[in-house]
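Remember, predicted model here, so these are calculated numbers, not experimental data. Remember, it's 1-based here, ligands and their atoms both numbered in the order they're listed.
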Amino acid sequence: MGIRVSKFGGSSVADAGQLRKVRAIIEADTDRRFVVPSAPGRRTPDDHKVTDLLYRTQAAAAGGESIGPLFDLVAERFGKIVADLGLGFDLEPALADVHDRIRDGASADYTASRGEYLSGLVLSKFLDRPLVDPATMIRFDPDGNFLPEETQAAVNARLGTEDSGVIPGFYGTLPDGSIKTFSRGGSDITGAIVARGVGADVYENWTDVSGLLMTDPRIVDSPRTIEELTYRELRELAYMGATVLHDEAIFPVREAGIPVHILNTNDPESAGTRITRGGLDQAPTGRITGIAGRRDFTILALEKTLMNAEVGFGRRLLAVLEKHGISWEHIPSGIDTLSVVLKHDVVAGRLDALLAEIQKECNPDTLVVQPGMALIATVGRGMSHVPGTAARLFGALADAGINIRMIDQGSSELNIIVGVENDDFERTVQTIYAAFEKND
Ligand code: ASP
């Protein structure tokens with residue numbers, strides 16, 4: 001018998017109807033032994049997420065306001081799920097306890113975590129599986145940094161003896177025993193930690209989309225679904241804005257080589273997207289995996305005669321950025337040129353001070369600021385060692401009359417990044433997608 005860890009996102013546990021789908025999925029495969037739920041999400045576009053309601057309830061308590069009306073929305077939400085499922089158990093004592101703790105000054109992390117806790121409690125009754133509280137396993141240091149080794153050992157020790165279980169997502173504990181949550185969307189991380197801890201064969205991440213699309217459907221009409229991609233490709237696409245999984249969820253499973261399967265609770269038969277380590281034997285195909293991008297970067301372009309021979313130029317430039325607490329995104333370079341790509345919101349308001357200091361420390365011949373740039377990443381393990389991929393991409397952009405302001409290709413040949421004017425962003429994505437659409 002294998003082990004699958006199945007994490008269900010907020011929309012998959014939003015109401016009784018969704019929970020029935022969850023149960024059908026779990027019962028369809030006996031390998032689905034460990035289930036990690038989020039808190040109930042939106043049922044309709046103008047609905048509330050339970051987590052948002054809980055944060056608001058805590059803020060009301062902290063502001064000295066009555067928490068009654070907001071907490072009632074949370075209580076009604078769970079009450080309706082229990083009633084609609086016909087579960088013969090009383091959630092009232094658990095709800096009353098949460099209510100009193102929030103009223104008496106519970107932290108925002110504790111309060112938010114109760115969405116997952118109560119969701120897990122309901123699901124454990126509905127699936128008739130033990131509830132295993134992550135507070136007993138998922139650990140953070142006193143500064144709130146996640147402790148992977150200790151956590152993995154604790155998960156392994158605790159769940160290694162269980163045949164099955166429901167483990168609420170999103171939180172763990174600080175050394176003093178108080179609750180600490182991951183950042184928003186963090187139930188994905190819990191799922192990955194559990195998958196690693198129990199040595200799962202697959203980490204299933206059930207959402208409301210049938211996998212990761214090749215590009216943003218708001219920019220390209222009905223883009224294809226990516227059937228399979230590697231952890232590294234996902235990282236590159238996610239960095240550029242493709243969202244399907246919490247950024248930090250990939251690390252535990254990647255280290256253990258556990259494949260992640262993105263699946264749709266509302267369409268469980270569809271193939272979804274598999275995220276794997278990828279084999280060395282995969283033949284280069286010239287195909288791309290996905291395209292993602294973001295607007296609003298600022299480029300600082302430096303030029304200096306004989307820069308290539310000047311020892312320490314790059315270090316001095318980066319030291320200035322470090323001193324200002326600015327992290328850089330890319331550093332494309334030429335023989336006598338060096339550019340630094342920065343996020344606009346990171347430099348906004350302090351650009352003048354930064355430029356003055358770079359001028360002083362590096363003394364470039366020219367220092368030009370290019371604001372309003374968009375970066376578009378074309379990612380694909382199939383591109384490496386295939387002549388002509390870049391030509392296809394740049395040829396298509398040239399035919400479309402799009403001016404490329406920057407090019408960056410990592411030595412892994414996994415990713416070609418082009419910089420264009422913000423105004424050309426959508427057209428660039430559409431043009432690249434069209435150039436590779438057939439992917440043959
Ligand atoms: N419920 C939390 C949130 O809304 C965590 C999660 O759903 O992954 O961010």
Side-chain angles (χ1 to χ4, degrees), residues 5-15 18-19 21-22 34-59 70-71 73-75 77-78 81 94-95 98 102 106-124 131-135 137-138 140 144 146 151 155 166-173 179-196 203-209 212 234 238 242-253 260-266 275:
V5 170
S6 308
K7 182 261 168 182
F8 290 88
S11 60
S12 302
V13 296
D15 60 22
Q18 291 299 90
L19 285 167
K21 294 180 192 170
V22 168
F34 297 98
V35 183
V36 177
S38 281
R42 292 191 182 91
R43 292 159 293 185
T44 55
D46 50 8
D47 195 12
H48 301 291
K49 290 183 176 186
V50 162
T51 309
D52 292 337
L53 289 173
L54 286 166
Y55 278 122
R56 285 170 55 195
T57 310
Q58 196 274 340
L70 280 166
F71 189 78
L73 293 174
V74 176
R77 194 73 193 273
F78 282 109
I81 291 175
L95 283 169
V98 174
I102 302 173
S107 69
D109 279 19
Y110 170 83
T111 305
S113 76
R114 294 306 90 183
E116 268 69 10
Y117 174 77
L118 293 167
S119 181
L121 194 57
V122 173
L123 194 59
S124 86
L131 179 79
V132 183
D133 193 332
M137 305 182 288
I138 296 185
F140 295 85
F146 172 57
T151 297
V155 171
V166 174
I167 304 100
F170 195 35
Y171 68 94
T173 43
I179 297 286
K180 166 86 185 116
T181 61
F182 291 109
S183 55
R184 295 298 304 263
S187 297
D188 282 346
I189 309 174
T190 309
I193 291 167
V194 172
R196 169 100 194 259
Y203 169 30
E204 295 181 338
N205 195 285
W206 292 87
T207 64
D208 53 6
V209 291
L212 180 59
L234 179 70
T243 51
V244 67
L245 202 63
H246 192 293
D247 271 358
E248 292 159 47
I250 211 67
F251 299 108
V253 280
V260 185
H261 207 163
I262 310 288
L263 292 156
N264 188 351
T265 302
N266 304 320
I275 306 161

When the side chains of residues 44-55 are checked against the rest of the protein, which donor-acceptor pairs come out under 3.5 Å, sequence neighbours left out?
{"from": "Thr44", "atom 1": "OG1", "to": "Asp46", "atom 2": "OD1", "distance (Å)": "3.0"}
{"from": "Asp47", "atom 1": "OD1", "to": "Arg43", "atom 2": "NH2", "distance (Å)": "3.2"}
{"from": "Asp47", "atom 1": "OD2", "to": "Arg43", "atom 2": "N", "distance (Å)": "2.9"}
{"from": "Asp47", "atom 1": "OD2", "to": "Arg43", "atom 2": "NE", "distance (Å)": "2.6"}
{"from": "Asp47", "atom 1": "OD2", "to": "Arg43", "atom 2": "NH2", "distance (Å)": "3.3"}
{"from": "Asp52", "atom 1": "OD1", "to": "Arg184", "atom 2": "NH1", "distance (Å)": "3.0"}
{"from": "Asp52", "atom 1": "OD1", "to": "Arg184", "atom 2": "NH2", "distance (Å)": "3.0"}

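- No donor-acceptor distance shorter than 3.5 angstrom exists from the side chain of Thr181 to the backbone of Gly172, with no hydrogens or angles considered.
- Checked against side chain to side chain contact (heavy atoms under 4.5 Å, CB included), Ala135 has the following partners two or more places apart in sequence or in another chain: Asp133, Tyr171, Thr173, Ile179.
- The side-chain hydrogen bond (donor to acceptor under 3.5 Å, both in side chains) check on Glu204 picks up Arg4, Ser6, Arg32, Trp206, with sequence neighbours excluded.
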What does the contact table look like for ligand 1 (nitrogen or oxygen on each side, cut-off under 3.5 Å)?
{"from": "ligand 1", "atom 1": "1 (N)", "to": "Thr51", "atom 2": "OG1", "distance (Å)": "2.7"}
{"from": "ligand 1", "atom 1": "1 (N)", "to": "Glu116", "atom 2": "OE2", "distance (Å)": "2.7"}
{"from": "ligand 1", "atom 1": "4 (O)", "to": "Thr51", "atom 2": "OG1", "distance (Å)": "3.4"}
{"from": "ligand 1", "atom 1": "4 (O)", "to": "Arg184", "atom 2": "NH2", "distance (Å)": "2.9"}
{"from": "ligand 1", "atom 1": "7 (O)", "to": "Ser38", "atom 2": "OG", "distance (Å)": "3.1"}
{"from": "ligand 1", "atom 1": "8 (O)", "to": "Gly185", "atom 2": "O", "distance (Å)": "3.3"}
{"from": "ligand 1", "atom 1": "8 (O)", "to": "Gly186", "atom 2": "N", "distance (Å)": "3.4"}
{"from": "ligand 1", "atom 1": "8 (O)", "to": "Ser187", "atom 2": "N", "distance (Å)": "3.0"}
{"from": "ligand 1", "atom 1": "8 (O)", "to": "Ser187", "atom 2": "OG", "distance (Å)": "3.2"}
{"from": "ligand 1", "atom 1": "9 (O)", "to": "Arg184", "atom 2": "NE", "distance (Å)": "2.7"}
{"from": "ligand 1", "atom 1": "9 (O)", "to": "Gly185", "atom 2": "N", "distance (Å)": "2.8"}

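- With Asp188 contributing its side chain and His246 its backbone, the two residues share a donor-acceptor pair below 3.5 Å.
- In terms of modelled atom types and a separation under 3.5 Å, the side chain of Glu116 and the main chain of Ser38 share no donor-acceptor contact.
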